[in-house]
Protein chains: 2
Amino acid sequence: MAVNLDDVDWAIIHQLQQEARISLSELGRRVNLSPSATTERVRQLEAQGVIIGYHAAVDLTQVGYPVLAIVRLKYPGNRHQPLRQLLDERREILECLRTTGDDCYTLKVAATSMGHLETLVDELAAFGSTTTSVVYNQTLSYRGPGRP
Amino acid sequence: MAVNLDDVDWAIIHQLQQEARISLSELGRRVNLSPSATTERVRQLEAQGVIIGYHAAVDLTQVGYPVLAIVRLKYPGNRHQPLRQLLDERREILECLRTTGDDCYTLKVAATSMGHLETLVDELAAFGSTTTSVVYNQTLSYRGPGRP
DNA sequence: GGTGAAAAGGTGCTGAT
DNA sequence: ATCAGCACCTTTTCACC
């Protein structure tokens, strides 16, 4: 389900991945398009579901979550509803990927302290065996995919 | 290094995490603040390093990367320079976390095909032994942390 | 932090290429 | 599909309370 994207589309995507809050006029200047054409392009990209949102990124430490961890979860059975519910309740779980392999889920979790992390892991352990790795640092600053 | 954030700050963060492209006036309306006060708050949050950026999110499949995988890397030794270089070159590597535990690095990788993924894993395997899990689906839509 | 003004800039039309 | 020009409106910014 891929869409054909030309150079201009990619230029727009590239700019908005880096600075999502620039105006459409400024965006047009950067990709050499008039404001109206830029508006149309962005509307198209949004309508096609290529661009699916614009998000502010925050420093987790600054907002009170100095501990970041990856928890892998071995989840026996196929009743996923209870886990879904925990994901809804626990905003500390930032990301949840269902994967192939022994560990069915890989979660990214933000915690206020090691004690808090322990609590979260305990809650997850109710679903299956967990493997937790604390993150030293985010080696890469945010970026999206480039042109294939 | 945490900053004191009040309810209004959190309301602003919450809104911008969901819709980063709204105007400062609209933001002010949503958090019951005047436009000027809103502008000042956002400026502060940016200056303090609480908000560190605004990014457009794209549908990886739509832009030509239908394969998403998590690669864990066991990296012997401490010469991290060569890996850094690969991270710079390969925009397919979306995220790289250095962690405690046996697997020193956990990477999130986007690929155009399984063949492409194989190439990427081979490149990473030059640094150490790898464990690759292909992602079935992203169980959670994007969200940031909530108030602690 | 709020309010009011002025200025700037962005947006959204139109018709034409 | 894009552009240019224009009218309209919003947003921003500054003064001051």
Side-chain angles (χ1 to χ4, degrees), chain A residues 1-59 62-64 142-148, chain B residues 1-65 142 144-148:
Chain A
M1 278 299 182
V3 165
N4 268 0
L5 302 172
D6 63 17
D7 302 83
V8 179
D9 289 321
W10 272 105
I12 289 173
I13 290 168
H14 187 69
Q15 289 297 325
L16 290 179
Q17 278 176 340
Q18 296 183 66
E19 289 186 70
R21 271 182 70 78
I22 58 174
S23 71
L24 294 171
S25 311
E26 172 61 23
L27 179 58
R29 256 169 251 132
R30 298 192 189 181
V31 303
N32 299 315
L33 229 58
S34 70
S36 48
T38 309
T39 306
E40 185 55 24
R41 290 273 192 156
V42 173
R43 273 171 37 82
Q44 283 283 328
L45 290 171
E46 291 170 351
Q48 289 174 309
V50 175
I51 293 176
I52 53 185
Y54 305 94
H55 308 290
V58 301
D59 184 305
Q62 295 259 35
V63 298
Y142 177 90
R143 66 182 185 193
R147 190 167 188 179
Chain B
M1 277 302 183
V3 165
N4 268 2
L5 302 171
D6 64 16
D7 302 81
V8 179
D9 289 321
W10 272 105
I12 289 173
I13 290 169
H14 187 69
Q15 289 297 326
L16 290 178
Q17 278 176 341
Q18 294 184 66
E19 290 187 67
R21 270 182 72 79
I22 58 174
S23 71
L24 294 172
S25 312
E26 173 60 24
L27 180 58
R29 256 169 250 134
R30 299 191 189 182
V31 303
N32 299 313
L33 227 59
S34 70
S36 49
T38 309
T39 307
E40 185 55 25
R41 289 271 192 161
V42 173
R43 274 170 38 80
Q44 282 283 327
L45 289 171
E46 291 170 352
Q48 291 174 131
V50 174
I51 294 175
I52 52 185
Y54 305 95
H55 308 290
V58 302
D59 184 304
L60 289 173
T61 300
Q62 295 258 35
V63 298
Y65 294 95
Y142 177 90
R147 189 167 189 180

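Keep in mind that this is a model prediction, so the values were computed, not measured. In what follows, every chain begins at residue 1, and chains take the letters A, B, ... in the order their sequences are listed.
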Of the nucleotides D/dT13, C/dG12, D/dT12, which has the atom closest to the A/Thr39 side chain? C/dG12

Describe the nucleic acid contact of A/Arg21 in one word from base, sugar-phosphate, nothing, applying a heavy-atom distance below 4.0 Å. nothing

Atom pair distance, as rounded to whole Å: CG in A/Asp6 and P in D/dA1: 11 Å

Output the rounded distance in Å from CG (A/Leu33) to P (C/dT11). 14 Å

To the nearest angstrom, the CD-C1' distance between B/Glu40 and D/dC16 comes to 16 Å

Working to the nearest 0.5 angstrom, can you tell me the gap between A/Leu16 CG and A/Arg30 CZ? 9.0 Å

For B/Leu5 versus B/Asp9, what's the shortest heavy-atom pair and its separation? CA-OD2, 3.7 Å

Minimum-distance nucleotide to A/Ser36 side chain [options: C/dG10, D/dT11, C/dC13]: C/dC13

Kindly compute the distance separating CG (A/Leu45) from CD1 (A/Ile51), expressed to the nearest 0.5 Å. 4.5 Å

Between D/dT2 (P) and A/Asp7 (CG): distance, integer Å: 13 Å

Which part of the nucleic acid, if any, lies within contact of B/Arg43, taking any heavy atom under 4.0 Å across all strands shown: a base, the sugar-phosphate backbone alone, or nothing? nothing

Ion pair present between A/Glu46 and B/Arg21, side-chain N to carboxylate O less than 4.0 angstrom? no

Using a heavy-atom cut-off of 4.0 Å across all strands, would you classify B/Ser34 as base, sugar-phosphate, or nothing? base

Taken to the nearest whole Å, CG/A/Leu5 to P/D/dA1 is 14 Å

Rounded off to whole Å, could you give me the CD1-to-P distance for the A/Ile12 and D/dA1 pair? 13 Å

Name the closest nucleotide to the B/Ser25 side chain, picking from D/dT11, C/dG2, C/dG10. D/dT11

Taking the minimum atom-to-atom distance to the side chain of A/Leu24, which one of C/dG2, C/dT11, C/dG10 wins? C/dT11

Please check if the number of heavy atoms outside A/Arg43 that lie under 6.0 Å from its CZ is greater than 12. no

Looking across every strand, which nucleic acid part, if any, lies under 4.0 Å from A/Arg41 by heavy atom: base, sugar-phosphate, or nothing? sugar-phosphate

Rounded to whole angstroms, how far apart are CD on A/Glu26 and P on C/dT11? 11 Å

Euclidean distance, atom CG of residue B/Leu27 to atom P of D/dT12 [Å, nearest integer]: 10 Å

Which nucleotide, C/dG1, C/dT11, D/dT11, lies nearest any side-chain atom of B/Ala37? C/dG1

Whether B/Ser23 contacts D/dT10 is assessed here as follows: a side-chain N or O lying under 4.0 Å from the phosphate OP1 or OP2. Is that the case? no

Is the shortest side-chain N/O distance from B/Arg29 to OP1 or OP2 of D/dT11 below 4.0 Å? yes

